[in-house]
Amino acid sequence: MTTAFLFAGQGSQIVGMAKDFYDHCPESRELMDSLTCDYDIKKLCFEGPQETLNDTAYAQSSIVAASLTILEAIKTKGIQGDVCAGLSLGEYSALCYAGAMDAQSAIDIVRQRGILMANALPAGTTGMSAVLGLSAEKIEEVCKEIQSKGLVLEIANYNCPGQIVVTGQKEALEQAEALLMEKGARRVLPLSVSGAFHSSLLQDASLELEKVLQQSKLSLPKIPVYHNISGDKETVNSTEDLIEILKQQICHSVRFEQTIRNMIRDGVDTFVEIGPGKTLSGFVRKVDRSVKVYTINTVKDLEGMVEAWNK
């Protein structure tokens with residue numbers, strides 16, 4: 001059995017995330033209590049309000065804190081990931097698991113990343129939409145058509161077959177909706193986000209993030225990490241290589257479907273989603289229903305996985 005740990009990204013945040021583990025696992029409690037931030041990160045995770053949790057500036061650090069708190073409980077059961085990855089923000093949790101940064105460093109970095117992304121673009125001028133039921137090739141054709149008009153429309157996320165997210169200017173998204181429906185999209189759903197994440201419009205923010213990363217304590221990953229920018233393992237010979245990958249990540253497409261396909265190509269047959277929500281498990285099943293998938297949101301989820309694991 002070859003196992004991949006997958007870490008949740010932004011959008012999965014919910015009031016009470018990881019509290020079950022905090023209450024029942026001493027190691028989880030110790031980890032959460034050790035994390036410091038310029039706001040009460042434990043209180044926000046456990047008590048909300050949801051409106052603040054949904055704010056990009058707070059959501060990112062809170063989700064990583066919750067994911068790493070859950071991870072501590074999984075570690076106590078002796079279950080390990082041979083490889084790992086995360087969806088966008090979740091790549092930082094994955095890198096923490098892989099030993100490229102410690103938990104406090106991850107929180108410090110993603111707190112700044114969240115603030116940079118929240119403030120990167122004028123409010124109300126950009127956004128993202130999920131496109132359901134249309135191939136990547138046809139969506140890419142629409143992006144090129146919109147770009148030919150001098151507007152910014154790009155693919156933000158290749159999530160799974162039948163679900164791709166586009167990102168760009170509001171005008172570009174509005175024009176694209178009709179074209180996408182004409183090409184056969186089942187639905188085009190605007191997302192509740194504060195800007196055009198994973199687009200070239202975040203180029204300036206990526207340069208600011210690079211400065212944050214250069215001042216952070218980073219190490220080389222100890223296990224393979226599949227990175228969003230390619231959906232594959234990257235050659236990381238230095239922390240400078242890692243910084244470049246993370247710098248590029250916020251202004252380029254997240255290739256999550258490719259990540260899952262490449263993991264399966266490399267022999268992964270078991271996936272464990274760590275963090276709030278079960279979005280990633282759904283993506284994996286849409287890529288390949290033959291693999292085993294576990295979602296760990298609660299202590300009961302973990303107990304069920306351990307029981308199945310030991311059979």
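From a predicted model like this one, the values you see are computed outputs, not experimental measurements. Computed over heavy atoms, backbone and side chain alike; hydrogens, waters and symmetry mates excluded.
Between Gly9 and Ile63, the shortest heavy-atom distance links the atoms O-CD1, 3.8 Å. Heavy-atom minimum distance, Gln203 versus Cys251: OE1-SG, 3.9 Å. Between Cys45 and Met32, the shortest heavy-atom contact is SG-CE, 4.2 Å. Contact detail for Met101 and Ser105: the closest heavy-atom pair is CB-CB, 4.2 Å. Across all non-hydrogen atoms, the minimal contact from Val188 to Ser129 is CG1-CB, 4.0 Å. In this structure, Ala57 and Arg111 approach most closely via the heavy-atom pair O-NH1, 2.7 Å.
Under the 30°/60° scheme for interplanar angles, the aromatic rings of Tyr58 and Tyr39 are found to stand perpendicular.
Under the 4.5 Å side-chain contact rule for hydrophobic residues, Leu302 and Trp309 share a cluster. Using a 4.5 Å cut-off between side-chain heavy atoms of Ile, Leu, Val, Met, Phe, Trp and Tyr, with links allowed through other members, Tyr92 and Phe197 fall into the same hydrophobic cluster. Clustering ILVMFWY residues whenever any of their side-chain heavy atoms sit less than 4.5 angstrom apart, transitively, puts Leu53 in the very cluster that holds Tyr22.
Under a 4.0 Å N-O distance rule, the pair Lys144/Glu140 does not qualify as a salt bridge.
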Verify side-chain hydrogen bond (donor to acceptor under 3.5 Å, both in side chains) between Ser281 and Glu273, making sure each step is shown before the conclusion. CA-CA 6 Å; Ser281 297; Glu273 179 178 5; 2.6 Å; yes
Can Tyr226 and Glu234 be said to form a side-chain contact (heavy atoms from CB on, under 4.5 Å), step by step? CA-CA 7 Å; Tyr226 288 67; Glu234 294 291 318; over 6 Å; no
When you look at Ser34 and Gln104, which way does the side-chain hydrogen bond (donor to acceptor under 3.5 Å, both in side chains) test go after all the steps? CA-CA 8 Å; Ser34 75; Gln104 185 60 56; 5.7 Å; no
Stepwise, does the salt bridge (charged side-chain N to carboxylate O under 4.0 Å, His left out) test hold for Asp266 with Lys233? CA-CA 10 Å; Asp266 294 339; Lys233 294 171 284 189; 3.5 Å; yes
Set out, in order, the CA-CA distance, both residues' side-chain angles and the distance that settles side-chain hydrogen bond (donor to acceptor under 3.5 Å, both in side chains) for Thr259 and Asn262, then state yes or no. CA-CA 5 Å; Thr259 293; Asn262 288 333; over 6 Å; no
Please report the C-alpha distance between Lys149 and Gln175 in whole Å, then the side-chain angles of each, then the deciding distance to 0.1 Å, and finally whether the side-chain hydrogen bond (donor to acceptor under 3.5 Å, both in side chains) criterion is met. CA-CA 10 Å; Lys149 301 177 182 180; Gln175 290 188 25; 3.1 Å; yes
Run the side-chain contact (heavy atoms from CB on, under 4.5 Å) test on Ile260 and Asp288 for me, step by step, so that the C-alpha distance in whole Å, both residues' side-chain angles and the decisive distance to 0.1 Å come before the verdict. CA-CA 9 Å; Ile260 301 307; Asp288 189 335; 5.9 Å; no
Steps toward ring-ring contact (aromatic ring centres under 6.0 Å, His included) verdict (Tyr294, Phe271): CA-CA 6 Å; Tyr294 298 95; Phe271 293 84; over 10 Å; no
Under the criterion side-chain contact (heavy atoms from CB on, under 4.5 Å), I'd like the reasoning laid out for Ile70 against Glu72: C-alpha separation, chi angles, the key distance, then a yes or no. CA-CA 5 Å; Ile70 295 170; Glu72 285 303 302; over 6 Å; no
Set out, in order, the CA-CA distance, both residues' side-chain angles and the distance that settles side-chain contact (heavy atoms from CB on, under 4.5 Å) for Val268 and Val83, then state yes or no. CA-CA 8 Å; Val268 172; Val83 300; 3.8 Å; yes
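Residues His227 and Gln249 bring no donor and acceptor atom of their side chains to less than 3.5 Å of each other. Side-chain polar atoms of Gln258 and Arg265 form no donor-acceptor pair below 3.5 angstrom. Side-chain N/O atoms of Ser206 and Glu210 include no donor and acceptor closer than 3.5 Å. With hydrogens and angles left out, the side-chain atoms of Glu154 and Ser253 include no donor and acceptor closer than 3.5 Å. If you check the side chains of Gln50 and Asn54, you find a donor sitting under 3.5 Å from an acceptor.
Side-chain atoms of His198 come within 3.5 Å of backbone atoms of His252 as a donor-acceptor pair (strictly under, hydrogens ignored).
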